[in-house]
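Have a look at the structure below, then the notes.
Keep in mind that the numbers below use all heavy atoms, side chains included, and drop hydrogens, waters and symmetry copies. Heads up: numbering here begins at 1 and tracks the sequence.
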Amino acid sequence: MAGPRGGSAGVNGHRVADESLLNDEKSMLDNDPGGMLRATASAGAQVREAAALAAEVDLSMLADEGRPRAVVVAGIGTAGLTGSILSTVAGPRCPVPIIGHRSAGVPGWVGAADVVIAVSASGRSPEALAAAEAAARRGARLVAIGNPGSELEALAERARAPFIGVPRRAPARATLWGLTIPVLFAGRALGLAKLAEADIAETATRLDADAERCRAGADSFVNPAKALALGLAGSVPIVWGSSPLATVAARRFGDTLAANARYPVMAGALGEAGRGRVGLLDGVFGGLAETSRDIFADPDEEDDEQALTRLRLVVFRDGGLNPEDDADEPVAVEERRADAIQTIADRRGVRCDVLTAEGGSTLERLASLVAVPDYASLYLALAHGLDPMAVPAISEMKELANPLPEGL
């Protein structure tokens with residue numbers, strides 16, 4: 001087995017972000033040979049296609065046995081995030097627990113009274129396959145979602161379970177909406193999630209509009225995704241969501257920043273962060289780093305070492321459109337908490353970006369918080385000269401963790 005090449009394991013790129021690369025559309029497209037920008041721009045089309053594909057599948061058998069005891073959404077990575085989205089759309093008053101399961105198989109308590117939704121963009125992830133097999137063996141209701149013609153589809157056919165085929169045209173992290181919509185259709189068939197046709201159409205339109213705003217040809221000063229990427233460049237990002245919906249978007253941004261731009265990032269719920277992790281703003285990458293900075297200096301002329309050791313806070317806010325009786329806690333509490341973290345960051349000189357949800361439905365508001373950050377993670381990668389699709393460490397991890405049998 002070959003070892004790392006030249007001590008860098010084939011990693012290309014440069015540590016300091018180059019803004020000029022983001023204003024050269026041809027250069028960006030050349031540095032994105034896998035077409036991640038194009039795949040991300042297809043988000044609205046993914047919503048429409050997935051909705052049409054899901055509508056063609058008879059999901060009535062999911063509801064034939066009545067309300068389930070629990071719903072387990074089994075998958076890993078982006079597929080695993082779809083469980084959190086279903087839970088968010090179903091809302092805090094959902095009478096059935098919706099549980100994301102991100103390892104092989106299913107929880108030990110799953111049985112005939114439960115529903116398992118196995119999700120895999122490729123249709124061959126070990127986690128989703130093992131979950132589908134376990135569900136069929138235990139008599140749980142099963143629906144599978146993934147690439148047509150895959151092992152997952154074959155397994156669903158053997159179990160006589162519905163399968164929603166979603167063609168895979170890009171890595172899973174670029175097909176979030178293609179995987180999410182079928183999961184929501186399954187939740188609607190079970191009577192757990194409200195999903196109106198208007199909500200789907202408006203979400204797709206929202207994603208189309210954001211794709212236009214964030215297109216590669218738009219310069220940094222008018223492109224919100226490029227502006228966010230450049231603000232994060234050279235920082236240690238902390239991404240917090242003010243509500244359950246905003247937290248799903250924050251975790252999504254954390255995932256894409258890590259996978260596409262290779263940035264270390266902390267992401268989670270602001271309510272939980274306020275009980276401990278907010279202390280990071282006082283630390284060596286937060287307030288202590290800022291006290292040594294010349295407040296009159298031009299941020300663009302700071303030396304690299306200083307820039308690379310500072311926090312950058314990103315706060316996702318829900319906008320408070322849910323009725324008070326549908327929320328886990330009053331909207332006013334979420335809003336005060338978000339105001340407070342911005343004030344605390346400002347007092348310590350920690351720069352902060354704020355994204356606020358827009359739209360009438362839960363799904364559209366979530367999309368409004370996901371679209372621009374998705375692009376920002378790609379532009380941050382491209383500003384560092386990184387190919388956002390090719391991640392050598394992922395390939396090495398698969399190779400080392402799953403070695404070929406001897407003699408092959």
Side-chain angles (χ1 to χ4, degrees), residues 50-76 79-121 123-148 150-166 178-197 199-200 244 326 361-363:
L53 292 170
E56 294 175 356
V57 177
D58 182 6
L59 298 175
S60 60
M61 65 177 67
L62 290 178
D64 286 346
E65 298 177 34
R67 179 184 294 172
R69 178 180 60 178
V71 174
V72 174
V73 182
I76 197 164
L81 187 64
T82 63
S84 299
I85 296 176
L86 174 58
S87 180
T88 298
V89 173
R93 299 296 176 261
C94 178
V96 171
I98 299 171
I99 299 163
H101 189 70
R102 292 176 171 82
S103 57
V106 294
W109 48 261
V110 169
D114 306 303
V115 171
V116 174
I117 305 175
V119 187
S120 170
R124 61 175 186 269
S125 78
E127 294 78 14
L129 291 173
E133 290 175 352
R137 188 172 60 252
R138 299 185 192 185
R141 281 171 277 176
L142 170 68
V143 58
I145 298 162
N147 197 31
S150 64
E151 298 170 61
L152 186 58
E153 181 177 16
L155 198 156
E157 288 179 355
R158 291 196 298 272
R160 298 183 179 179
F163 176 81
I164 302 174
V166 181
L179 297 175
T180 293
I181 296 301
V183 172
L184 296 179
F185 266 70
R188 183 174 69 177
L190 290 165
L192 305 181
K194 295 179 181 178
L195 187 66
E197 298 306 317
D199 296 341
I200 296 172
D326 280 345
S361 69
T362 299
L363 188 62

Measure across [X] and [Y] and return the closest heavy-atom pair with its distance rounded to 0.1 Å.
X	Y	answer
L195	R188	O-NH1, 2.6 Å
G105	A131	O-CB, 3.5 Å
A159	A136	CB-CB, 3.8 Å
S150	F163	OG-CZ, 4.3 Å
G108	R138	O-NH1, 3.2 Å
A186	V143	CB-CG1, 4.1 Å

Min side-chain heavy-atom separation [X]-[Y] under 4.5 Å:
X	Y	answer
L152	N147	no
I181	V166	no
V71	I99	no
I85	V89	yes
L53	F185	no

At what distance, to the nearest 0.5 angstrom, does [atom1] of [X] lie from [atom2] of [Y]?
X	Y	atom1	atom2	value
I76	H101	CD1	NE2	10.0 Å
D64	L59	CG	CG	11.0 Å
D199	L363	CG	CG	7.0 Å
L190	L62	CG	CG	5.0 Å

Strictly distance-based, threshold 3.5 Å: is any side-chain N or O of [X] a donor or acceptor partner for the main-chain N or O of [Y]?
X	Y	answer
R124	E151	no
R67	V96	no
S87	G83	no

Under 3.5 Å, which donor-acceptor pairs do the side chains of residues 112-119 form with other protein atoms, sequence neighbours left out?
from: D114; atom 1: OD1; to: R69; atom 2: NE; distance (Å): 2.9
from: D114; atom 1: OD1; to: A70; atom 2: N; distance (Å): 3.2
from: D114; atom 1: OD2; to: R69; atom 2: NH2; distance (Å): 2.5
from: D114; atom 1: OD2; to: G111; atom 2: N; distance (Å): 2.8

*asked:* Going by the rule side-chain contact (heavy atoms from CB on, under 4.5 Å), which residues pair with A130 if we only count those two or more places apart in sequence or in a different chain?
replied: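 Per chain and number, A130 pairs via side-chain contact (heavy atoms from CB on, under 4.5 Å) with A104.
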